[in-house]
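Remarks on the structure that follows.
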Number of protein chains: 2
Amino acid sequence: MARIPAPERREALIDAALRVVARDGISHATTRAIVAEAGMSLASFHYAFASRDELIDELIRTVVERAENEVVPSLDPHLSVRERIEAGLLRYFGHLKARPSHEQAMLELTWYALRAPERHPLAVSQYARYREFAMAALQRATTDSGITWTLPLDQVAQVLVALTDGLTTTWLVDRDDEAALRYIGIAADTLSRLADAR
Amino acid sequence: MARIPAPERREALIDAALRVVARDGISHATTRAIVAEAGMSLASFHYAFASRDELIDELIRTVVERAENEVVPSLDPHLSVRERIEAGLLRYFGHLKARPSHEQAMLELTWYALRAPERHPLAVSQYARYREFAMAALQRATTDSGITWTLPLDQVAQVLVALTDGLTTTWLVDRDDEAALRYIGIAADTLSRLADAR
DNA sequence: GTGCGACTGGGACGATCGTCCCACTTTGAC
DNA sequence: GTCAAAGTGGGACGATCGTCCCAGTCGCAC
């Protein structure tokens, strides 16, 4: 095996771990499974990480950092705020359909973190990050429209996160595209009603 | 140990398993943990169940059957449809706050079922049952009000399930009561707007 | 080139997992 | 009372888990 400095190995192991979690679920993300995915030996694992828990914690932190803003509303000036929001939600839905196992992995990591009290803050910061993304998306949706929100932006963002969560969970279970599209339309209505022309 | 016929023992084991999952998470719901919770020996377990998988499957089926309709809207004739729906959501939220670990267990079981293809139907039927509850609740909310829905009732119910899911997940992470109450108000707005006076 | 620290591979540790076996006790039909 | 069937307890099986040890190999500063 090629000799790889520890920091790079940590990255490679985290990447491998995410692939394993997405493919097989976190319960199958054993040290051996992760090491096999990364093409390493067990010794290399424990040379880079003190324990499996340390890797999983680092994995959660990493996916939270890496998470991209998938809900990017359209900026087309011809569109209404509602249409911009709907465009953003549709973009997220496209991403969800393209990589369902990735979103499922993210949620599994949330539940995993939620089970151990000392890991709870990881889940909280994960959702704080989602809220940031939501805020940015909402701000973008009202840019150059002369429209403001009837609630503080972070509160609207909280609603958007919850709406997105509901979409993700129910679609992952039912895989009902038509229901998802209906829901997106209704969610866009709901959010745009929280915006008010001055 | 008292001698208990196998069918009763199956019930007792399922009850014990649900308690373990709610308290410690499904990853800690090992045969030994379940057996200890039920105060039995391992032999009794495998006398009642062929395998742990059989018990978990039966557990999911049982909680889906047992699940009670927590979203029961008010029937107070003085209330508007929107207020009735909000009352129902508030009732569910009260239940969620009173037994968060139970709701967390239900969701963990969903994700568990979602991981194995042969168990996927269990998750689907779980959400089908939620949809039934939602339909009953929505029907109740418009009783004697001369109001109908602008969408087929089962489609409105799908929206309610997704809205409730979003509420549950985000509250379990953030434990933000105020945000939950705001969200409930907005969700009630959203749903009542799908109802139309004839 | 030498030497030291960084890195690797393989094998092994004890703990815990799901499952099973078998001798034993109790129950209920006859 | 007899006896087959039902139910029980304890201990053991092989597999797999996270972790660790240790001898060995490589890269790099000097």
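Since the model is a prediction, treat every value here as computed from it, not as a measurement. Chain naming here is simple, since letters A, B, ... match the order of the sequence lines and numbering starts at 1 in each.
The side chain of B/Tyr47 approaches D/dA6 more closely than any other nucleotide in the set D/dA6, D/dT19, C/dG9. Closest approach to the A/Ser41 side chain among C/dG9, C/dG11, D/dA12 is made by C/dG9 (side chain taken as heavy atoms from C-beta onward). If you check C/dC21, C/dG9, D/dA12 against the side chain of B/Ala43, the one that comes closest is C/dC21.
Checked against B/Gln158 for a side-chain hydrogen bond (donor to acceptor under 3.5 Å, both in side chains), the options A/Asp176, A/Thr170, A/Asp174 give a single hit: A/Asp176.
Comparing B/Ala50 and A/Ser44 by the nucleotide of DNA chain C that holds the closest heavy atom to each, the one mapping nearer the 5' end is A/Ser44. If you find the closest nucleotide of DNA chain D to B/Pro7 and to B/Leu42, the one lying nearer the 5' end belongs to B/Pro7.
D/dG9 atom P lies 16 Å from atom CZ of B/Arg32, rounded to whole Å. In this structure, B/His28 places its NE2 atom 18 Å from P of C/dA15, rounding to the nearest Å. Between the CD1 atom of A/Ile26 and the P atom of D/dG18 there is a distance of 11 Å, given to the nearest Å. Computed from coordinates, the A/Phe45 CZ to C/dG9 P distance equals 15 Å when rounded to whole Å. Between the CD1 atom of B/Ile4 and the P atom of D/dA5 there is a distance of 23 Å, given to the nearest Å. Here the P atom of nucleotide C/dG18 and the CD atom of B/Glu54 are 15 Å apart, to the nearest Å. When rounded to the nearest whole Å, the span between CZ of B/Arg52 and P of C/dT16 equals 17 Å. Protein atom CG of A/Leu55 is 15 Å distant from nucleotide atom C1' of D/dC17, rounded to whole Å.
Here A/Arg119 pairs with A/Asp57 in a salt bridge; the nearest charged N to carboxylate O distance falls below 4.0 Å. With salt bridges taken as basic N to acidic carboxylate O contacts below 4.0 Å, none links A/Glu65 and A/Arg61. With respect to B/Asp15 and B/Arg66, a salt bridge is recorded, a charged nitrogen being found less than 4.0 Å from a carboxylate O.
Between the side chains of A/Tyr112 and A/Glu108, no donor N or O sits under 3.5 Å from an acceptor N or O. Side chains of B/Asp165 and B/Tyr127: a donor-acceptor N/O pair is present below 3.5 angstrom, by distance only.
Residues satisfying the ring-ring contact (aromatic ring centres under 6.0 Å, His included) criterion with A/Trp149, sequence neighbours excluded, are absent altogether.
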Run the side chain to side chain donor-acceptor pair (under 3.5 Å) check on B/Tyr92 and B/Thr168 step by step: do they pass? CA-CA 10 Å; B/Tyr92 169 74; B/Thr168 305; 2.5 Å; yes
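An OP1 or OP2 oxygen of D/dG27 is reached within less than 4.0 angstrom by no side-chain nitrogen or oxygen of A/Arg3. The phosphate of C/dG18 (OP1 or OP2) has a side-chain N or O of B/Thr31 nearer than 4.0 angstrom. OP1 and OP2 of D/dC20 both lie 4.0 Å or more from every side-chain N or O belonging to A/His46.
Between B/Leu122 and B/Ala113, the shortest heavy-atom distance links the atoms CB-CB, 4.2 Å.
Annotated stems with DNA chain C as a participant read C:1-30 with D:1-30, given as range with range, by first number; only runs of 3 or more Watson-Crick or G-U pairs under 3.5 Å qualify.
Proximity of B/Met106 to B/Val63: side-chain heavy atoms (C-beta onward) are separated by under 4.5 Å at one or more points.
Within residues 112-120 of chain A, no residue approaches DNA chain D, by heavy-atom distance under 4.0 Å.
Residue A/Thr30 is in sugar-phosphate contact alone, with no base atom involved, counting any heavy-atom pair closer than 4.0 Å across all strands shown.
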